[in-house]
S.K.: 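Here it is, the structure, as structure tokens.
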Amino acid sequence: MEIDSVRVESSVWIGNKRYKALLSGWYFSWTEIDKRNRERKTISVPVSEVIGVKEGRVEIQTQKKVEDTDLDFTLFYVKRNGHGLSWSLGRTQFCCPSRGVRDQWTTQLRTALKTHSPSRPHRLLVFINPFGGKKRGKQIFHSLVAPLFELAGISSHVVVTERANQARDYILKKDLTGFNGVICVGGDGMFSELLHGVIGRTQQEAGVSEHDPTVMLQPCDLHIGVIPAGSTDCVCFATMGINDPVTSTLHIIIGDSQPLDVCSVHYQNTLVRYSVSMVGYGFYGDVLAESERHRWMGPLRYDYSGFMVYLCNRSYPGLVQYLPADSHISSPRDKTRCLSGCRVCSESKERLFPHFDSSSSLYSTNVSQCNSELEGEWVTIEGRFKCVSLTCMSSSCPRSPEGLSPSAHLADGTADLIMVRETNPLGFLTFLHRHTTKQDQFDLPFVEVHRVKAVRFSLPPGEAEEEEEEYEKQADREIQTSAERELEDPEKLFCGNIAGQSQQHLAGWKERGSETSRLKRQGFACVPCCTKPRSVSVWNCDGEILPHTEISCRVHGQLVRLFARGIETSTMQ
Ligand SMILES: Nc1ncnc2c1ncn2[C@@H]1O[C@H](COP(=O)(O)OP(=O)(O)OP(=O)(O)O)[C@@H](O)[C@H]1O
Ligand SMILES: CCCCCCCCCCCCC/C=C/[C@@H](O)[C@H](CO)NC(C)=O
Ligand SMILES: [Ca+2]
């Protein structure tokens, strides 16, 4: 075996073929050597994508050794499948000329791993929503995720949630010392809990008020990982290009880090929620409100509700004001895509954090800095809209592989504002259908899209008061009926069909049910689709209904970090 400061090299055998194994700089490679000593095919693995090195011949799932000698070692690494977005665990068993060489290889590879992959997590806090999506969260974690964490030497503390907001509250209140990241096994709703926990905790510790819409929020160090097990899995899909639990797990293990823009939604001077995916009024708000009444349908509830709401053919009056982003940097119609290593996003860092002190890793939060991102001229648009949506990223998901705004960036400090004006049902169907194809959904006369830093939405004066009164009355009628139903049978209030569901499940959804009742008391959520008054919809904020209509939104560039790397272009091994 030859070892110098930059190279380690030796002969090894894989099966009955001889190879030259080489560890040089950032890569470990093995090249087949034929009988005439000529070099054949090389397989090369970046050290940063090595998952583990084990003595002996080790199986993937059981991690048990099969018959081996003390000449063997097994390398586990990231393997790309198909077009490269789906990752699986690659495994190669090497046989060395002597035990000494084998020990040298395992030591050298482990040292290289520590040097070239310093940001890998060692300890993770995992939250599993047992009721998200198709209710397979626990099974997904125990059969697919836990064995990989164990192989990579990552320890985890697992919390199976028993109620909504448990994960958020845990992150806000408990001692998180020693954890390098928080992971959710669930859908976008679970991700949102972690997002609120992590942002809230970071601001508490930094003494920053989340309610002040002009303040610069402190960026969060604690990484968030998403193991998809929900209905839409938009955050996972838009940051990885796929929703696959094994791919997500491998990104977490190797400590990938993807910054993400976050939009804060305020009502007057109070923070309402954060969003990374979609803040949508009109169609998307109505679909969510309708779908909450059909939760028992599982992921299909969105398709059913989408169809019902489409048939209602609603449009809503609104006054939209927005602060445009610099159009020289990028535009929502420039036909580019935000991919792994995106130049627009990496160049945004300096603009977003001009006062970043790299020696202390601290961000200044002085007022002049916060206001500079809010400088510029606001533009006002009034009209009737089928929908108004704001998205910080493409919001691609399996239903819409290109997303709400295919050219939006994950971490450029901007969001795309999409306004679809009142149109005929066929026109709107064309718009919706284009979300499912590669056709440009913005190339329609009733659609406009702008890249923005902030948005305000209000109801047009006069009309608003009248309509809100009518809405209040309608909501009151609805609440009364709900309250009567609640007294008769509390479970039926929220779930509709509860036959065959576990008590634990019901307890969980009851909390969401009472949250919905609270919203109803304020006159907003879950009013049956076609009995609603004409002119007020609700806001869908990453899958949650907001309790206010007149809101203001501001984008906070690169506020959180995910264990992800953005969507890779095709890179087959
Ligand atoms: N044990 C629980 N009981 C009831 N609700 C829960 C529980 N744990 C988490 N939740 C809530 O359930 C909501 C939905 O969960 P999740 O996002 O995992 O699945 P989903 O709704 O199927 O997926 P998506 O959000 O992608 O549509 C979350 O907003 C979360 O707050
Ligand atoms: C004629 C075919 C019509 C198909 C219409 C498809 C339109 C799909 C658009 C999908 C946008 C998804 C935006 C993501 C929203 C998420 O934040 C949220 C939380 O998971 N999901 C939903 C459904 O509100
Ligand atoms: Ca963005």
Side-chain angles (χ1 to χ4, degrees), residues 127-135 137 159-168 184-194 196 226 228-238 243 259-263 275-280 283-285 287-288 291-292 295 298-299 301-303 305-307 310 325 330 332 338 342 344-345 348 389 391-405 408-416 428-437 441 451-453 504-513 515 540-545 555 557-558:
F127 296 97
I128 305 177
N129 176 2
F131 308 123
K134 294 186 182 142
K135 306 190 183 78
V159 177
V160 178
T161 60
E162 289 171 356
R163 62 172 178 89
N165 291 326
Q166 186 180 342
R168 181 201 64 189
C184 58
V185 186
D188 292 328
M190 270 310 271
F191 170 81
S192 180
E193 283 202 27
L194 269 54
H196 285 79
V226 190
S231 307
T232 319
D233 297 324
C234 179
V235 177
C236 181
F237 199 91
N243 56 338
L260 212 59
D261 296 337
V262 177
C263 175
S275 153
V276 294
S277 164
M278 179 186 68
V279 188
F283 181 75
Y284 294 111
V287 170
L288 183 66
S291 75
E292 288 293 288
R295 263 210 173 256
R301 68 189 183 276
Y302 291 124
D303 300 301
S305 309
F307 180 66
Y310 170 77
S330 64
C338 179
C342 172
V344 171
C345 292
S348 298
S389 321
T391 181
C392 283
M393 56 186 195
S394 72
S395 283
S396 57
C397 61
R399 261 189 203 80
S400 171
E402 304 280 307
L404 283 180
S405 190
H409 288 271
L410 291 171
D412 65 340
T414 76
D416 289 352
F428 191 55
L429 188 64
T430 309
F431 169 75
L432 288 179
H433 184 253
R434 287 190 183 182
H435 285 80
T436 64
T437 67
Q441 64 260 45
R451 191 146 285 175
V452 304
K453 297 192 282 188
Q504 199 191 10
H505 188 169
L506 291 175
W509 289 123
K510 244 192 249 176
E511 183 171 327
R512 286 172 65 78
E515 168 72 1
N540 170 344
C541 177
D542 289 2
E544 287 292 318
I545 292 166
V555 186
Q558 308 194 359

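Numbers here simply count residues along the sequence, with the first being 1. As the structure is a prediction and not an experimental result, all values here were calculated from the model. The analysis underlying the following values was restricted to heavy atoms, covering all of them including side chains, and did not include hydrogens, waters or symmetry mates. As the structure lists them, so they are numbered: ligands from 1, and atoms in each ligand from 1.
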S.K.: So is G543 close enough to ligand 1, meaning a heavy atom under 4.0 angstrom away?
M.R.: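 Not so, G543 does not reach ligand 1.
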
S.K.: For F283, give me all partners under ring pair (Phe, Tyr, Trp, His ring centres under 6.0 Å), at least two apart in sequence or on another chain.
M.R.: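 Applying ring pair (Phe, Tyr, Trp, His ring centres under 6.0 Å) to F283 gives F428.
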
S.K.: Near Y302, which atoms of ligand 1 are under 4.0 Å from a heavy atom of that residue?
M.R.: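 Near Y302, the atoms of ligand 1 are 27 (O).
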
S.K.: Number the atoms of ligand 1 from 1 as they appear, then name those within less than 4.0 Å of a heavy atom of R295, with their elements.
M.R.: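 Listed by number with element, the hits are 21 (O).
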
S.K.: Could you see which bit of R168 sits under 4.0 Å from ligand 1, with heavy atoms only: side chain, backbone, both or neither?
M.R.: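 The answer is neither.
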
S.K.: Going by side chain to side chain donor-acceptor pair (under 3.5 Å), name the residues that satisfy it together with S330, two or more places apart in sequence or in a different chain.
M.R.: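 Side chain to side chain donor-acceptor pair (under 3.5 Å) list for S330, sorted by chain: R451.
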
S.K.: What are the two closest non-hydrogen atoms of G543 and N540, and how far apart are they?
M.R.: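 Reported closest heavy-atom pair: N-OD1, 2.8 Å.
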
S.K.: I'd like to check which ligand 1 atoms, numbered from 1 as shown, lie under 4.0 Å from a non-hydrogen atom of D233.
M.R.: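 Within the 4.0 Å cut-off of D233, ligand 1 contributes 26 (O).
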
S.K.: Contacts table for ligand 2: protein N or O within a distance under 3.5 Å of ligand N or O, distances only.
M.R.:
{"residue": "ligand 2", "atom": "17 (O)", "partner": "S277", "partner atom": "OG", "Å": "2.8"}
{"residue": "ligand 2", "atom": "20 (O)", "partner": "D188", "partner atom": "OD2", "Å": "2.6"}
{"residue": "ligand 2", "atom": "20 (O)", "partner": "T232", "partner atom": "OG1", "Å": "3.4"}
{"residue": "ligand 2", "atom": "24 (O)", "partner": "N540", "partner atom": "ND2", "Å": "2.9"}

S.K.: Side chain, backbone, both or neither: which part of R163 has a heavy atom under 4.0 Å from ligand 1?
M.R.: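 Within the 4.0 Å criterion, R163 contacts ligand 1 through backbone atoms alone.
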
S.K.: Heavy-atom distances under 4.0 Å decide this one: backbone, side chain, both or neither, for E162 against ligand 1?
M.R.: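 It is the backbone that touches ligand 1; the side chain stays farther off.
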
S.K.: For a distance under 3.0 Å, give residue and atom name for each protein N, O or S atom next to the Ca ion (ligand 3).
M.R.: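 Protein N/O/S atoms under 3.0 Å of the Ca ion (ligand 3): D261 OD2, C392 O, H409 O, D412 OD1, T414 O.
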
